[in-house]
Trainee: 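Following this message is one structure expressed as structure tokens.
By convention in this document, chain letters (A, B, ...) are assigned in the order of the sequence lines, proteins followed by strands, and residues within each chain are numbered from 1.
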Number of protein chains: 2
Amino acid sequence: MRIGELSRRTRIPIRMLRYYEERGLLTPQRTPSGYRLYQESDVGQAALVSSLVRAGLPTRLIMPLLDDLRPKPPAADEPGDRDELIALFAAELARLDRQVACLSLSRDAVRQHLRRLRAAREPGCARSRTGSDSGAGRAVSGPG
Amino acid sequence: MRIGELSRRTRIPIRMLRYYEERGLLTPQRTPSGYRLYQESDVGQAALVSSLVRAGLPTRLIMPLLDDLRPKPPAADEPGDRDELIALFAAELARLDRQVACLSLSRDAVRQHLRRLRAAREPGCARSRTGSDSGAGRAVSGPG
DNA sequence: GTAAAGTCTCACGCCGGTGTGAGAGTCAAG
DNA sequence: CTTGACTCTCACACCGGCGTGAGACTTTAC
């Protein structure tokens with residue numbers, strides 16, 4: 001499929017799909033005329049990438065993550081900077097740990113705040129069903 | 001205390017402390033000569049703010065959060081944009097939930113990746129106790 | 001052939017969070 | 001007084017994620 005269809009199906013702006021490619025997170029083929037050609041599996045991949053990006057992960061980190069999550073043979077990287085890589089990822093892991101902690105804390109705070117906000121709204125005046133949903137979800141969906 | 005001490009104690013760059021003030025997240029008093037004067041309680045506050053920011057919360061949302069967490073009388077905001085605020089925070093909450101999930105996933109993947117990396121390095125050579133720490137934590141600490 | 005929709009690249013710009021430096025004022029210590 | 005550490009404001013700039021527009025080409029539909 002071409003970029004437009006992928007965009008429609010994933011709800012990811014075309015701009016972003018190109019951006020992901022620029023970052024090496026999506027590697028569509030090209031038609032002779034230069035149009036990007038995506039495969040069915042790219043739908044899931046794109047959604048995943050988008051999800052990770054929105055989670056605040058730097059794209060640099062997403063790439064190796066994708067490599068790791070895919071059914072890839074434990075092939076030969078360049079051994080040599082292994083130690084360096086290990087250090088890098090260890091640092092990254094620590095950072096992620098901290099970030100998760102912060103995030104959880106923030107989430108709890110927001111939750112708390114929301115609760116109060118909602119409680120404070122209807123002290124007595126019954127105001128049946130003020131729409132208070134939160135259209136979340138449906139971002140990462142498998143290609144099926 | 002002045003900004004330098006606060007910076008040392010919170011490990012937050014001075015620049016950022018000023019930035020937080022600019023955003024209304026920290027409101028130090030001033031000496032006659034213009035120096036910022038922080039109180040003991042600002043240590044915790046600053047740490048919290050920093051934590052929230054690093055978690056990806058936009059500063060605009062942090063402000064009302066802080067208001068909420070503080071021992072404040074349930075005073076009169078402008079009622080009117082309440083609904084708007086609620087919607088906003090609901091969306092933010094959803095975002096955070098997703099973010100936490102994604103982040104955890106990523107963290108696990110990184111962990112996994114690290115494990116493989118490390119395993120691949122020492123196929124046979126016993127090398128007792130390869131240091132594998134990750135100095136996380138100790139970001140948000142209460143003032144006392 | 002022509003029009004319309006889709007795509008390409010390139011490039012500018014915004015925003016939020018940060019780093020950094022310049023130039024001036026403040027304060028404590030000698 | 002001078003000196004050095006600290007602080008002030010202002011301002012430029014970077015980076016990452018994103019929007020948007022220009023100008024050219026491709027594909028599709030009539």
Side-chain angles (χ1 to χ4, degrees), chain A residues 1-38 42 46-65 92 95-96 98-99 102-103 106 139, chain B residues 1-39 42 46-66 88 91-92 95-96 98-99 102-103 106 139:
Chain A
M1 80 198 79
R2 288 181 308 194
I3 202 170
E5 186 179 344
L6 182 59
S7 172
R8 271 188 300 271
R9 286 177 62 177
T10 58
R11 292 192 199 69
I12 299 172
I14 290 181
R15 174 67 163 96
M16 286 299 97
L17 292 175
R18 297 206 186 106
Y19 177 65
Y20 296 157
E21 182 185 5
E22 183 193 324
R23 294 287 156 176
L25 304 178
L26 227 45
T27 51
Q29 289 163 313
R30 299 289 184 127
T31 70
S33 57
Y35 280 22
R36 289 170 180 83
L37 273 189
Y38 297 90
D42 287 328
L48 177 60
V49 166
S50 169
S51 170
L52 291 173
V53 164
R54 279 194 320 229
L57 248 76
T59 50
R60 304 159 190 282
L61 261 149
I62 296 181
M63 181 158 29
L65 262 190
E92 235 24 85
R95 224 177 51 84
L96 281 173
R98 257 176 287 150
Q99 203 165 338
C102 289
L103 218 48
S106 312
Chain B
M1 80 198 77
R2 286 179 309 193
I3 202 170
E5 186 179 343
L6 182 60
S7 172
R8 272 186 300 268
R9 285 177 63 178
T10 57
R11 290 191 200 69
I12 298 172
I14 291 181
R15 174 66 161 101
M16 286 299 98
L17 292 174
R18 298 206 186 106
Y19 177 65
Y20 295 158
E21 182 185 7
E22 183 192 324
R23 293 288 157 178
L25 304 178
L26 229 43
T27 51
Q29 289 163 312
R30 298 289 185 128
T31 70
S33 56
Y35 281 23
R36 290 170 180 83
L37 273 189
Y38 296 90
Q39 294 169 325
D42 286 329
L48 177 60
V49 167
S50 169
S51 170
L52 292 172
V53 165
R54 277 192 322 228
L57 246 76
T59 50
R60 303 159 191 281
L61 270 109
I62 295 181
M63 181 154 31
L65 257 191
L66 288 176
L88 237 135
E92 204 51 42
R95 214 183 55 85
L96 281 172
R98 258 176 289 149
Q99 204 165 335
C102 289
L103 221 48
S106 313

Trainee: Closest approach of A:M63 and A:G24, non-hydrogen atoms and distance?
Mentor: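 Scanning both residues completely, I find the closest heavy atoms to be SD-O, 4.0 Å.
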Trainee: Enter the distance from A:D42:CG to A:Q29:CD here, rounded to the nearest 0.5 Å.
Mentor: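 So the gap between those two atoms works out to 9.0 Å.
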Trainee: Near DNA chain D, which residues from residues 28-36 of chain A have a heavy atom under 4.0 Å away?
Mentor: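 Contacts with DNA chain D under 4.0 Å: A:S33, A:Y35.
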Trainee: Any idea which heavy atoms bring B:A46 and B:L17 closest together, and the distance?
Mentor: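 In this case the closest contact between B:A46 and B:L17 is CB-CD2, 4.1 Å.
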Trainee: Take atom CZ of B:R2 and atom P of D:dC8, then tell me their distance rounded to the nearest Å.
Mentor: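 So the CZ-P distance, B:R2 to D:dC8, works out to 9 Å.
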Trainee: Run the numbers on A:Y20 and A:I62 for side-chain contact (heavy atoms from CB on, under 4.5 Å), then give the verdict.
Mentor: CA-CA 10 Å; A:Y20 296 157; A:I62 296 181; over 6 Å; no
Trainee: Is any side-chain nitrogen or oxygen of B:R18 closer than 4.0 Å to OP1 or OP2 of D:dC8?
Mentor: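 Affirmative; the distance criterion is met.
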Trainee: Rounded to the Å, how far apart are A:L17 CG and D:dC18 P?
Mentor: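 Between P of D:dC18 and CG of A:L17: 11 Å.
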Trainee: From CG of A:L37 over to C1' of D:dT27, roughly how many Å is that when rounded to an integer?
Mentor: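 These atoms are roughly 13 Å apart.
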Trainee: What's the shortest heavy-atom distance between A:G4 and A:I14, and which atoms?
Mentor: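 In terms of heavy atoms, the two residues are closest at CA-CD1, 4.3 Å.
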Trainee: What range of DNA chain C does chain A touch, first nucleotide to last, counting atoms under 4.0 Å from its heavy atoms?
Mentor: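 Going 5' to 3' along DNA chain C, contacts run C:dG6 to C:dA11.
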Trainee: Taking all heavy atoms of B:M1 and all of B:Q39, pick out the closest pair and write down the distance.
Mentor: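 Minimum heavy-atom separation between B:M1 and B:Q39: CE-O, 3.7 Å.
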Trainee: Would you kindly give the CD-to-C1' distance between A:E22 and D:dC15, to the nearest whole Å?
Mentor: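 So the CD-C1' distance, A:E22 to D:dC15, works out to 13 Å.
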Trainee: Expressed as a whole number of angstroms, how long is the span from A:R23:CZ to D:dC18:C1'?
Mentor: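 Computing the A:R23:CZ to D:dC18:C1' distance gives 12 Å.
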Trainee: Taking atom P of D:dT27 as reference, at what distance in whole Å does atom CD of A:E5 sit?
Mentor: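 Spelled out: CD on A:E5 to P on D:dT27 is 16 Å.
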Trainee: Provide the full list of salt bridge (Lys or Arg N to Asp or Glu O under 4.0 Å) pairs with a residue in residues 22-35 of chain A, sequence neighbours left out, each pair given once.
Mentor: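 Counting only pairs at least two positions apart or across chains, the salt bridge (Lys or Arg N to Asp or Glu O under 4.0 Å) contacts touching residues 22-35 of chain A are A:E21-A:R30.
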Trainee: Could you state the atom-to-atom distance from CD1 of A:I14 to C1' of D:dG19 in whole Å?
Mentor: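 From A:I14 CD1 to D:dG19 C1': 13 Å.
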Trainee: Could you tell me which non-hydrogen atom of B:Y38 sits nearest to which non-hydrogen atom of B:R2, and how far apart they are?
Mentor: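 So the two residues come closest at CD1-C, 4.1 Å.
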Trainee: Would you confirm whether A:T10, through its side chain, and A:L6, through its main-chain N or O, come within 3.5 Å as a donor-acceptor pair?
Mentor: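 Present.
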